[in-house]
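Whatever order the structure lists ligands and atoms in, that order sets their numbers, starting from 1.
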Amino acid sequence: MKVIVSGPFGVGKTTIIRTLSEIPPLKTEEVMTATGAVVDHLDGVRDKTTTTVGLDYGRLSLGDDLALCLFGTPGQRRFHALWRDITRGALGALILADTRRIQDSYEVMGLIEEQGIEYAVALNIFPDSPRYPAEHLRQALDLAPHTPLIACDARDRPTSLAALLALAEHLLTLPPLRTGGAPIAMEQT
Ligand SMILES: Nc1nc2c(ncn2[C@@H]2O[C@H](COP(=O)(O)OP(=O)(O)OP(=O)(O)O)[C@@H](O)[C@H]2O)c(=O)[nH]1
Ligand SMILES: [Mg+2]
């Protein structure tokens, strides 16, 4: 089962895949430079020194006959051209959000919705993250009533696993057609 891990720049996508993966994750991290400082806003993640420039990949087996293949998207707009290929054929997405800048997740939610992919939202809680009642957050994110909203710490396996399982359970409750994700287009030869 192909699952996307997405969210805005610096929200913890690479971290949560590293936390969850049972194999050494594939990463495409590059050091951030002074040139990118104009567009790479480090508010809330000041110690961040690298950024994903391609994708992340990890895998997590759930029992003997189901493996979740976790594909992380790059967080920055300038890499959005890669999105279509990374998300193709995905059954669901875990979208990370940060309550210090919740509006940064809107664009990603829109992109995932455009692809017809069902998702759950996981709030990655940082030490200075403001806490809000769940119903306020659901309203701010304009979530459908059935969309799971969970809190996690991307560095912590139990809470990260709980977020992923909430997505998996959600996908399993949907009728088969709703879990198809975007159709896989035939390549032109
Ligand atoms: N305190 C705290 N720090 C975190 C948490 N998750 C990630 N971090 C830190 O926040 C920074 C961002 O993490 P990344 O996993 O690189 O974020 P990303 O979403 O993959 O970033 P891009 O790929 O550049 O968009 C890193 O410095 C992490 O160590 C968390 O849950 N709590
Ligand atoms: Mg990353």
Side-chain angles (χ1 to χ4, degrees), residues 2-60 68-87 90 92-112 115 117 119-132 134 137 141 148-167:
K2 178 174 180 179
V3 169
I4 301 302
V5 175
S6 196
F9 171 62
V11 75
K13 302 174 292 293
T14 300
T15 304
I16 200 169
I17 289 180
R18 187 180 61 216
T19 300
L20 288 169
S21 183
E22 66 198 11
I23 57 169
L26 170 78
K27 292 185 286 184
T28 57
E29 293 295 290
E30 288 296 338
V31 173
M32 296 193 301
T33 65
T35 311
V38 193
V39 283
D40 299 339
H41 299 293
L42 287 169
D43 302 343
V45 283
R46 297 232 162 263
D47 58 345
K48 186 169 164 62
T49 55
T50 64
T51 189
T52 303
V53 297
L55 80 168
D56 300 302
Y57 176 76
R59 195 185 64 214
L60 178 66
L68 301 183
C69 298
L70 308 173
F71 286 76
T73 59
Q76 304 183 62
R77 267 186 161 195
R78 58 183 179 275
F79 301 125
H80 276 183
L82 302 172
W83 265 65
R84 205 168 143 263
D85 287 336
I86 295 175
T87 58
L94 188 65
I95 300 182
L96 295 181
D98 181 342
T99 58
R100 298 170 302 179
R101 46 192 180 100
I102 201 96
Q103 68 286 354
D104 288 4
S105 291
Y106 297 162
E107 187 178 19
V108 171
M109 290 168 66
L111 287 168
I112 291 287
Q115 309 268 335
I117 299 173
Y119 60 88
V121 176
L123 303 166
N124 187 18
I125 306 295
F126 288 76
D128 57 339
S129 293
R131 310 294 169 110
Y132 301 104
L137 289 164
L141 291 164
L149 175 68
I150 326 103
C152 70
D153 179 333
R155 302 161 305 170
D156 167 65
R157 191 169 164 82
T159 58
S160 298
L161 194 55
L164 191 62
L165 290 179
L167 170 66

Open item on the list: Could you check whether any heavy atom of G7 sits closer than 4.0 Å to an atom of ligand 1, since that is the contact criterion I want to use?
Closed with: no
Open item on the list: Below the 3.5 angstrom mark, is there an N/O of T50, backbone or side chain, next to an N/O of ligand 1?
Closed with: no
Task: Within-shell test, I125 vs ligand 1, heavy atom, strictly < 4.0 Å - done: yes
TODO: Verify the distance test for T50 against the Mg ion (ligand 2): any N/O/S atom under 2.8 Å, yes or no.
DONE: no
Task: Residue and atom name of the nearest protein heavy atom (relative to atom 27 (O) of ligand 1), distance in Å to one decimal - done: D47 OD1, 3.5 Å
- [ ] Verify whether one side chain among Q76 and T51 offers a donor that lies under 3.5 Å from an acceptor in the other.
- [x] yes
TODO: Tell me which protein heavy atom sits closest to atom 12 (C) of ligand 1, plus the residue, atom name and distance to 0.1 Å.
DONE: G10 O, 3.5 Å
- [ ] Do me a favour and list the nearest non-hydrogen protein atom to atom 4 (C) of ligand 1 with residue, atom name and distance?
- [x] F126 CE2, 3.2 Å
Task: Neighbour count above 12 (heavy atom, 6.0 Å) for R157 CZ - done: yes
Task: Test: D128 and R100 ion pair at under 4.0 Å - done: yes
- [ ] Please confirm whether P127 comes within less than 3.5 Å of ligand 1 when only nitrogen or oxygen atoms on both sides are compared.
- [x] no
TODO: Report yes if G12 has an N/O atom closer than 3.5 Å to an N/O atom of ligand 1; otherwise report no.
DONE: yes
